[in-house]
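Down below is the structure, laid out as structure tokens.
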Amino acid sequence: MNFRSLSVFAATVFLCVAAFAHDYKAGDLSIVHPYARATVPNQPSGAAYLTIENQGKQNDKLIAASSPIAKSTQIHTMSMDGNVMRMREVGSLDIKPGEKMTMTPGHGYHIMLIGLSQPLKTGDKFPLTLTFEKAGKVEVSVWVEDKGAGAPADSMHHHHH
Ligand SMILES: [Cu+2]
């Protein structure tokens, strides 16, 4: 194996690893590992989390999200108001150049899926379309993962309405 074929081999391995890591490109943005937590039966809403990295030089904004499995989809932020966790809708979410924004259960931003047409079961995948001001629309596949221990976001979602 000469150096050239070795580097092709290395590039192929890299691409496979990147595909396994479950990420998407939209213009200068990378959307990494969109996931949602499994819901309990009759839970009316769920939340999706993802990482958005802006590798460009311009500011961009997440302005909308939609999914066929939810009646409505909103960009939410969560914060403490005294000792009560509150969520509110934000119209858009800035993704600054060089920024890597990671949504984490329990605080900060998440994508709220309101009026689920089906429970989210561990191992399922569902489509989510993200709309960015500059990068446009990108459809990602959200992986439903097990409810981990210590994820207060999920129980807080019951207080949504
Ligand atoms: Cu929410």
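Being a predicted model, the structure only gives us computed values, none of them experimental. First listed ligand is number 1; within each ligand, the first listed atom is number 1.
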Inset, instruction - Find the distance between OG (Ser72) and CD (Glu89) and round it off to the nearest 0.5 Å. - result: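 Atom-to-atom, Ser72:OG and Glu89:CD are 7.5 Å apart.
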Inset, instruction - Tell me which N, O or S atom of His76 sits nearest to the Cu ion (ligand 1). - result: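 Closest to the Cu ion (ligand 1) among those atoms: ND1.
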Inset, instruction - Check whether any N, O or S atom of Ser45, backbone or side chain, sits closer than 2.8 Å to the Cu ion (ligand 1). - result: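 Within the cut-off used here (under 2.8 Å), Ser45 places no N, O or S atom near the Cu ion (ligand 1).
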Inset, instruction - Using a cut-off of strictly less than 2.8 Å, determine whether Met112 has an N/O/S atom near the Cu ion (ligand 1). - result: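 Within the cut-off used here (under 2.8 Å), Met112 does place an N, O or S atom near the Cu ion (ligand 1).
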Inset, instruction - Indicate if Val90 and Ile63 have the same hydrophobic cluster label, given that clusters are the connected sets of ILVMFWY residues with side-chain heavy-atom separations under 4.5 angstrom. - result: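 Val90 does not cluster with Ile63.
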Legend entry - Minimum heavy-atom distance between Asp146 and Arg37, given as atom pair plus value: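 It is O-CD, 3.5 Å.
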Inset, instruction - Identify the heavy atoms of Ile31 and Ala26 that sit nearest to each other, and give their distance. - result: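 In terms of heavy atoms, the two residues are closest at CD1-CB, 4.3 Å.
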Inset, instruction - Give a rough value, rounded to 10 degrees, for the angle at the Cu ion (ligand 1) between atoms SD of Met87 and NE2 of His110. - result: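 Reported to 10°, the angle equals 90°.
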